[in-house]
Amino acid sequence: MGSLFGSEQTDGFLGEPAQPDERRQLTVLFYDIVGSTDMLASLDPEEIRETLLRVHSIARSGIQANHGSLEQVLGDGGMAYFGFPDPMEDAVFQAVRAAHGILDARAKLERNGQSMPDVRIGISTSIVILPGNAAAVRQGALGAVGVAPNLAARLQSVAEQNTVLVDRATHELTRRAFEFDQVEGLSLKGFPDVSVAFSLKRQKDVQSRFEMARDSGTPLTSRTEELARLRNAWDKTQDGSGRAIMVLGEAGIGKSRLSVALKDEVGKSGRILTLQNQPSTTGSALYPLITMYERAWENREQDQGIANAAVATADLLRGLEKDPNISSEERRRRIVQGCAEEIRRLSWERPCLLAVEDLHWVDEVTLALLEELARTVRQHPLFILVTSRNEGVTADTRAVFEDMTLGPLSEGDSHALVRAVTEDALSARTRDWIVSKCDGNPLFLIELSAFAKQARESGESEIDLLNETGVSSLQDLLAVRIENAGRAKRSARITSVIGRDANYLVLSKLAQTRFPEPELEVDLHQLLRQAILETPDNGGTYVFKHALIREAAYQTQLRSTRKMLHGKIVDLVENDPAVRARVTREALAEHCLGSGRIEKGVDLLIETAETAIRRSAVTAPEASLQRALKLTAKIRDAERRRETRLRIITLLGPLISQVAGPRGAAGIYRSGQELVFDLEEGQRGEWFPVLWGWWFTASDQKEQLRRADVIIKGISESESREARLQALHCGWATQFATGAHDRCLAAIDEGLELYDTSVAETSRHHYGHDARVCGLGERAQSLWMKGDVEGSLAAIKKAEDWADETGHTPSTLHALDMATLAAFYRRDFDEIGRTLGKITDLTGSRELPVIAAKREIFGGWFAARSNLAYDADRVRNGLQSLRDLGALEDTPIYADIVAETMTLCGKAREAVADLDREIEEARQTNLVFWVPELLRRRAWLSTMIGEDERAAGFLDEGFEMAKHQNANMLLLRNHSMRVQLGLDVPGEVSSTLLDRIDLVSDGPKKAQALKFLKRLNV
Ligand SMILES: Nc1ncnc2c1ncn2[C@@H]1O[C@H](COP(=O)(O)OP(=O)(O)O)[C@@H](O)[C@H]1O
Ligand SMILES: [Mg+2]
């Protein structure tokens, strides 16, 4: 697995430069011209030279055409390396192909009447030591050291004329593509243990390997209308207007068979891409697409176009996965668009059938890709044909496909199918019995018929046997079928532990831990014959004919045996690189868990979740992390358990927040916080993102303030600067909300001292926005509250400039959000227009729900203020959305805007009712920085609804609060409202204002207040 997309890519064809003196696998080819000394007797030296050159030349072109490098040419022979200087995964195939090509070319020349000497070729593959410097090898310095060069030479020396002899390793690796005859009884100098080699017979017909993959064992029964509909859709596709059809039905009903029938017809007129989903890969983002492309790359000689798309897609994913500067939504969008583009491009090269099997197991990123393709399918020569069980697909997904539901076969068709698969060998009574049991399910019909036929062949009475076994369901039957496979069932079971499809190499190594390989070969043969397994690639992989058959083989063995086998697979992966390369990380996780190796299994679940997150998946990694979290209960070592849990929570928290909002993630962060605080001081900083999440998901302001305190106290001087900065970051945001402006400003000063530009590069992604942007923006707001308008303007400008410089969009949005609030404080409408415009530019069409809600509020307010429209509901709904989304931090401001707009809409009474609720709630939750202003508005509204006598009370209250907050600007506003309403100004208010007025920047209200105070003093 995975040379193209996986973590081993650097060893693959994209090759990193060779390391100095590396150990790796190399295939060596030796060729030799037979009897060149004999030629001396009959030929002129000139002619001999000619002849030798002719052979060397066909050898050279055969080797070069297959990417080998000719390292030595001696008088009558030569040696070539394959997989050198750059390692190539298919080097060994290339070597055999080259040998085949040389002999072919030789034979052709001979047929054309040229005199050609005989040639012998030997090939061997082994681990060798290679000098890092390829040039040195060329210049005759030491070449590869190891078995392969020597054994290849020996094999060549004993090969028959005009044949190729390969060693066991080469045979093992290439036999799925070539046919060999085993040669025994060899005795090779220097290799006393090697008595067997393999003589190349011919190249297997590659096309036929793929024909085999087609499940067309039984002729298609019924389904004529359905097939006609698919055919018609394919015609439309070829005309450039594609279709997307979803074939639905229960397991075994014939969905895949129908898809195969269409593939047969599409044949050469189109390109077929098959995406196969598996139950175990739901958590593995883009699994079917990546697997399809990896296969296409391996077989690139068949369709270079798909291979090119594979490379382009691999590059795209690699680039996006590594880019830390994009949000996961953005990454998802680009991955989906990029992959979709490649597939569309392929379809424009040649009309394309994208056959997707078992959509009910699809991973979410592939699903997003398919939905995207399906939505636009009519503009491309692309036919998306998916099969799915009814459960497991949402209505949204269904909506983008046309439905085609497969029901049971009719009784007549069921009879026909039974007759076809049993070649009429059963009695009518038995057939009736079978048809009556199977409810028209073809899989059941076929299985039961095969079972009855087997019974008949072994001389038993079918009906009795059928009745005796008490087979009443498909599951029962499959269990019996596995049981009846005799000794071969052990191999079926071993295969089932590996999965629905098992790579032969993995399977043979696993089986060999229990019995010798030849026995496995016999078993497999038997299982193929009984149609329990099939091998789509002639022995490369063995696949259960149906997912349900694999289930049966797996379930009908002892739990302890399964556990043992899972464990053996893990051991093999650990010790054998060849096995490791063929077992995915997801599968390995299951094997670890299946064998009770919990710690390693959990680590792998975390690892695969991280990979999925990098590919922008959300729900699948969430599910595997939740599962991992549960499993941590089984980790014995307390410290390790805690660390693993914290790692999981660090990843899981943001995922849950994304899906279910901050509220949904509160529980998990609460448990995370407890774990962090179990750690010694000085070790907590590493887990700061967990604490941050805990703070962020507090239910209200009061609780958030408490948490900020806990965090600041718990993060001591000994923690990293970054941890301390982020602790203060929680602190200042919370202080501001409670109106503690002096403490807020102090926390910002202290925090920004700790800010480090290079650390911020990554940390801004963990915390959603840049700490400096946030600090400067918050400073702007607190300074304004305190009366320093110029200082506030300067800070907000710095915040926005710095955000722009980081190029981090969420930080810029954060700066603009705070700039909007600051402009609202100043009632600077031009500035609000500017900030909202810039937000629109940045978010484009992909409106975030919080921003959309705010836009409704501001939009409704602007419209009412300029007498354009009076739509109170618009602003009220906007505020409600903010609450629903859990975006609470600035709700008092928006409540103020709502109250003003409602008043403008002539709904003062309702505005009062709303406002009272808002004030009460803000008090309850200690979100009070704007409450003095809400009380001021409340006073003014009192006079509007004829309750003038209450106005002074609200203003008194607001005054106390503003004074306590040192919010001098709000004090001034409080005062001027009293003047505006013609209320008495208490002496306490005047004297406080007199004390503080110098702290407030100049403005009309200040001038008015100074006039007033002067008059008072006189
Ligand atoms: N209409 C049919 N005619 C002949 N054989 C069929 C038909 N439908 C299904 N089968 C056979 O029944 C078995 C199960 O069908 P399959 O297509 O794999 O089911 P599904 O994909 O719906 O789970 C396969 O062996 C298939 O060849
Ligand atoms: Mg199927």
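In this text the structure is predicted, and so the values were computed from the model without any measurement. Remember, it's 1-based here, ligands and their atoms both numbered in the order they're listed.
Using a 4.0 Å heavy-atom cutoff, G249 is absent from the residues neighbouring ligand 1. No heavy atom of E357 sits closer than 4.0 Å to any atom of ligand 1. At least one heavy atom of L220 sits under 4.0 Å from some atom of ligand 1. Every heavy atom of S259 sits 4.0 Å or more from the atoms of ligand 1. Using 4.0 Å as the threshold, R389 has no heavy atom nearer than that to any atom of ligand 1.
Under 4.0 angstrom from ligand 1, there are no non-hydrogen atoms of A547.
D358 and Q276 share a side-chain donor-acceptor pair at under 3.5 Å. A donor atom on one side chain and an acceptor atom on the other are found under 3.5 Å apart for R344 and T376.
Remark: ligand 1 atoms within the under-4.0 Å shell around heavy atoms of T221 are 1 (N), 2 (C), 3 (N), 4 (C). Close contacts between ligand 1 and A251 involve ligand atoms 23 (O) [criterion: under 4.0 Å to a heavy atom].
Between L417 and ligand 1, no N or O atom pair is found at a separation short of 3.5 Å. In terms of N/O distances under 3.5 Å, ligand 1 is approached by G254. For the pair S222 and ligand 1, the shortest N or O to N or O distance does not fall below 3.5 Å. Close N/O approach between H546 and ligand 1 is found [any backbone or side-chain N/O within under 3.5 Å].
L317 places a side-chain heavy atom less than 4.5 Å from the side chain of I290. For the pair T221/P442, no side-chain contact is recorded, criterion being any heavy-atom separation below 4.5 Å from C-beta on.
Annotation: the span from L445 atom CG to R431 atom CZ amounts to 12.5 Å, rounded to 0.5 Å. Taken from CG in L565 to CG in L510, the straight-line distance is 5.5 Å, to the nearest 0.5 Å.
More than 12 heavy-atom neighbours from other residues, nucleotides or ligands sit within 6.0 angstrom of CZ on R231. Atom CD of E225 is surrounded by 12 or fewer heavy atoms from other residues, nucleotides or ligands within 6.0 Å.
Atom 10 (N) of ligand 1 has its nearest heavy-atom neighbour, among P442, A531, S256, A450, in P442.
Put simply, the side chain of R582 never gets that close to the backbone of N503: no donor and acceptor are under 3.5 Å apart.
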